Structure formats: C-alpha cells, structure tokens
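Taking it in order: structure first as structure tokens, then the write-up.
Residue numbers start from 1 in every chain, and the chains themselves are labelled A, B, ... in the order their sequence lines are given, proteins ahead of strands. In this text the structure is predicted, and so the values were computed from the model without any measurement.
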Amino acid sequence: MTRLVPLPLVLPLVGAAVAILTGRSRTIQRVVSLTVLSLTLVCSVILLVEVDRSGTLVAHGGGWAAPMGIVLVADRFAAVMLVVATAVLLAVAVFAIGEPSTERNHVAFQSVYLILAAGVSGAFLTGDLFNLFVSFELMLTASYVLITLGGRRAQVRSGMTYIVISLVASSLFVTALALLYAATGTLNMADLSTKIATVSPGLRQAFALLLLGVFGIKAAIFPLFFWLPDSYPLAPSPITAIFAGLLTKVGLYAIVRTQLLLFAPDLPTGVLLWVAGLTMVVGVLGAIAQDDLKRILSFTIVSQIGFMIMGLSFGTVAGIAALVYSMVHHVVVTTALFCAGGLVEFAGGSSQLKRIGAMLRSAPLVALLFLLPALSIAGIPPFSGFISKLSLVIAGFGANRAIIVSVALGVSLLTLYAMMRIWVGAFWSPHEESVPTVNPNQVGRFGAPALMIAPTAALVAATLVIAAAAGPIFSFSERTAADLAHPRTYVSAVIDR
Amino acid sequence: MTITLDACAAVLFGLGTYLVLQRKLSRIIIGLGLFTHGANVLLIASGRRGVPPIIGSDTGPMSDPLPQALVLTAIVISFAVTMFLLALAYRSWQLTDDDEVADDVADRMLSRDTSPGEDVADQAESMPEPVEVEVEEL
C-alpha cells in the first residue's frame, strides 16, 4: 500500500511530459490528461480508504529513514484533501475541454494543468517543509503560466501582480526555512514537531507567525488577500475555477498542518481570531461593493477563508473537525460556483452584472446550477454550507467565543446578500435598454456546451452529496481532527520505522 | 563569517524591498532577484561551517551539506521564475509600450464612483484591446 503514496505526485508529472510530447494532437493530449487525472483519483480514493482503516501511510524516498530521507506522508487529512482536490481537478479539466475559447487550445494547457495537479498533490503529501516549498513552487509556476495564458493586456497586468506577490511570499518561505533550520537543524515536519520544543517560546511564536504570514499570502487571509480579487477574475473561467477552489485551500492546508503539528501547544489564538474576523468581514464587504460576477465571487472566497481560520483559532477538536468538513465542502462548492459563473459569462456574454439579465428565461439550467452552490455557500439549509457553518458555530460556543460567532453569522447573511445580487442581476432583472447589449453565445438547448454543463452539474451534485452524507463525512472529520490535535500519532508513524 | 553572510543577506533584503516597491517593472524584477538572493544567502548561513563533507577528509568538523543542496534548488526555482517574469515584462512592454505597472481599471472605477454609470463601464469595455498576437508555442 505504501507504493501508492507517491503515485498522485508521479502520475501527473509523467502525464505532463507525455502531454507536451504529443502536442501535435489535441485529442491525445486530452485523453492523456483525463486518464491521468482519473487514475490519480482512483489512487487517492484507495489511499483514503486504506488510511482511514489502518492508519497513516509513509513512503520513504530511496529507502532512507525518516529524519534524513525524504518522506511522503498520507494521513487522514492529506488523503481526504487529495481526493477532493483530484476530483475537482478532473471536473475542471472536462469543463476546460468543453469551453470553446482560445486558451484551452493552447498547446501547453494540458501539461501545465497536470503540473499544477502534481504540485497540489505534492503539497498535501509531503512530510518535510522544504518539499512543501518545492511543491508550492511547482503549483505556483504552473499557475503563473495558466493565469497569463492567452497573453491579453489585462491578464498580463494582473498576472504580474500575482507573480510578484507569490514570489515575495516564496522568498519569505525560504527565509523562514533558513531560520528554522538554523534553530533546529531539521526540516522534516515530524522531527521538527519534537525538536521545536528546544527553541525558546518567544522564537517559537515568531516562527508560528512567520509561517502564518507566508502561507497567509497564498491562502488570502486578511491583510494579505489584496492580490486575489485583482488577478483571479481575469483568467479564463476554468482556470479561475480551479484557482479559487484549490490554490487558496492548499495555502490553508499548509497553515493548518504547520500550526497544529509544530506549534500546537501555543497556537497564536489571539492573532488567528482577529485574522479570521477581519478576513470574513472585509471579504464580504468587498463582495458587496463589486459589480462584476467573478469579482463578487472572488471576494466571497476571501470571506469564506475567514470562516475556516476561525475553526482553527478555537484550538479545540470540535473546531478542527468543523474546519476539515468546511474545507471539503468549500473546495467543491467554490469550484462549482465559479464553473457556474463561467457558464453565466458564457451564456450571457459578459460577467458584468449590468450587461446581462433575464437569464432565468434564456438559460434556466445555468440558473439552477448557479443557485444551488450560491445558497450552499451562504449557509442555507439543507445544503453543505449550512452544516459547515452550524458545526463551526457549535464549536465556537463550545470554546466560549460568542463574539466571533456572532460576527460569522452576520457575515453569512451578507454573503447571502452578495449571492442574491448576482441572482437578481443576472437572472431576474430585465436587460437594461440603455446598456449596449452583448451578444450571448447560445449553444444548444442548455445555453452552453454539454461538456461545460456536465462537470458543473457533477460538482453541484457533489455538494449535495456532501450535505446528504454529512453524518459519515463529519464523523470522518472528527477522526481527522483527533489525529491533527494529537501530533504524536503523525510523528510516531513517520519517525519510528 | 556568519556575520558577513547575515549582513549581506540584510543588505540584499533591504535593497530588494526598496526596488520591489517601485513602479517600473524592470526595477521590480531586479528587486525580486535581490530579494530571493537575500533568502538564499540566509539559507547558506543556516548551515554549519567546516571541511568538505567527503569520506576520508576527517580533520575537524565537517560542513553541513544539506543547506547547500537546498539552496541549489531554491536558486534554480528563483532563476526559472525570474525568467518567466522577464518574458512577461517583455510581453507587457510589447502591449503597452511602457514599463510602468498599470492600475486596475475596475479599482479606478470603484474609487471614482461606487456605482459606475454606463459611460464608465463602456470606457472600461472599450479600452484599447491589444492586438491579439499569437503566443509563441512553448
């Protein structure tokens, strides 16, 4: 079973090489891409089942023992994120193939996309901080190419901001690694988890905050989110969907992993609470101020990141369980929402709310596919967002954090308002006569190509499944949270072999 | 020795930060190069000094090879990303004939008026769209 652990990382890399070699034929490229992602998904599901049944799996690179060699660790948290991420990557790959635009016809699209997949898998599976850096770079470099694919003027401008910010974050990451290595002499996370105790408490706090800042830039938490609503909306829709669904969550995963594994006893709770509250509030206020569908959605994900940081900041097992469930829910629902947003933009011809309207009549299926995840992200029962928010609220009261919980509930209400603005602007309101009309691309009966509709519908169905199967998923989240709250199991699985 | 390296890293960080905050793209890129090198120098400084860690040379304490291996990886990564940035800056210069980082249109619209009128929205739409140049295949 240990042999399966490196596969989610290796398969996409091999696929990327094959895809670039077969660049002459788009069909072969697509077949390779979809096959590789499907195989990766199968591997991830097997890993998840196996890890949940018989404990953490560790693969030692080259047979070297843990603190010296390179390790890949699949524990419950990594495995579940891997399954969700790969499923979402597969759905968006189909969506990108279905979308008739110039970007997806680019020769490099499929291979760069697979490299992104490899980076995401690597970030989830890696057992040491330096490989986390390498995986991040793999993922980010691929994302630089994807976000500027097509090379339009606005894309180049926003892509530049995105790359500069990410590169500064990466340099800070290297700085943090240098300081950590100088202080402890190791970068293996399990090893660090025990050795960090020898470092003075003040220095430990400084490391915790430094890593929070580094990953906070990627996760788009409060003072560091400004690049996200600026750069995401300008990329092609499938790329925005995968970035919004996955990349910020990989940053969040790194925050959760490092804070709980390395700094668990003295978590910077006060800082996390403030960051969570401000991220939620500022994000949702930004969403309300915008007038463009993709920008509203981009600000909404910033605000939702705040909810998950809130779960972490409680520092209780219940809080972490709610966080794990929320992450699973949020990856799927955000991607579904952005895919639906892409459908609206495609069928309506624009993403500016002033320029589209009355789409409930012209594209009813698109309206339905948008409405379900929109209600879910706002936390309306019976959708998965409701269960996520409910568990967070219960955990918050359990940890005696009534103020932040009330802030969170207020933010949920404003999220609903932001979603309803899109709903009214795009689906209900009539076309404004004064605004020059845009030519909508009506294709087929549903308003968009079937290959765009089908993956969106699958993602929306997945959010409904996450809500319907909330019992088993949440009890799994609780087991994951118990693992995360007690780093000893992780450490003994990695070191004692 | 470590003091020299640390001071060097500090200077690189300082200069890099100053240059990244400029408005010209070329300066930002040079600034980023300095900034990443500051981080790399710091990574080198995190290891132990000593004789080369080769079997047979067992006189005195050996140097720690791990930070050097790490820094090689970090250098390669920052090199690749800097090259990509340069290509993008060239593309930006091709499209705008300028080296300056442009403002975000939507941000400007929001700051001018919280609910932009049709004329502003139209201006944004009718911004001189660049000539679609086919991107060179990789």
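Contact count versus chain A (heavy atoms, under 4.5 Å) is highest, among B/L42, B/L70, B/I44, for B/L70. Of the listed residues (B/T96, B/V71, B/T82, B/L43), the one with the most heavy-atom contacts under 4.5 Å to chain A is B/L43. With chain A as the partner, the residue from B/P67, B/G47, B/A80 showing the most heavy-atom pairs under 4.5 Å is B/P67.
From A/I163, atom CD1 reaches atom CZ of B/F84 across 4.5 Å, with rounding to the nearest 0.5 Å. Note: B/R91 CZ to A/Q155 CD = 9.5 Å, rounded to the nearest 0.5 Å. The distance from the CZ atom of A/R157 to the OG atom of B/S92 is 10.0 Å, given to the nearest 0.5 Å.
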Donor-acceptor pairs are to be reported for all side-chain atoms of residues 171-185 of chain A against protein atoms at under 3.5 Å, with residues two or more places apart or in another chain.
{"from": "A/S171", "atom 1": "OG", "to": "A/L167", "atom 2": "O", "distance (Å)": "3.0"}
{"from": "A/T175", "atom 1": "OG1", "to": "A/S171", "atom 2": "O", "distance (Å)": "2.7"}
{"from": "A/Y181", "atom 1": "OH", "to": "B/D64", "atom 2": "OD1", "distance (Å)": "3.3"}
{"from": "A/Y181", "atom 1": "OH", "to": "B/D64", "atom 2": "OD2", "distance (Å)": "2.4"}
{"from": "A/T184", "atom 1": "OG1", "to": "A/L180", "atom 2": "O", "distance (Å)": "2.7"}
{"from": "A/T184", "atom 1": "OG1", "to": "A/T186", "atom 2": "O", "distance (Å)": "3.3"}

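Residue A/R152 comes nearest to B/L95 through the heavy atom pair C-CD1, 4.1 Å, listed as atom of the first residue, atom of the second, then distance. Taking every heavy atom of both residues into account, B/L88 and A/V156 meet most closely at O-CG1, 3.9 Å.
When heavy atoms are compared at a cutoff of 4.5 Å, A/L187 approaches chain B solely by way of its side chain, counted from C-beta outward. Looking at B/V20, only its side chain comes within 4.5 Å of chain A, counting heavy atoms on both sides. In this structure, the portion of B/I77 lying under 4.5 Å from any heavy atom of chain A is its side chain and not its backbone. With a threshold of 4.5 angstrom between heavy atoms, A/F130 approaches chain B through side-chain atoms but not through N, CA, C or O.
The side-chain hydrogen bond (donor to acceptor under 3.5 Å, both in side chains) test applied to B/S63 returns no partner, not counting sequence neighbours.
Close approach to chain A, defined as a heavy atom under 4.5 Å from one of its heavy atoms, is seen in B/F13 of residues 8-17 of chain B, taken by number. For residues 25-37 of chain B, heavy-atom neighbours of chain A at less than 4.5 Å comprise B/L25, B/I28, B/L32, B/F35, B/T36, sorted by residue number.
Proximity of B/L85 to A/M160: side-chain heavy atoms (C-beta onward) are separated by under 4.5 Å at one or more points.
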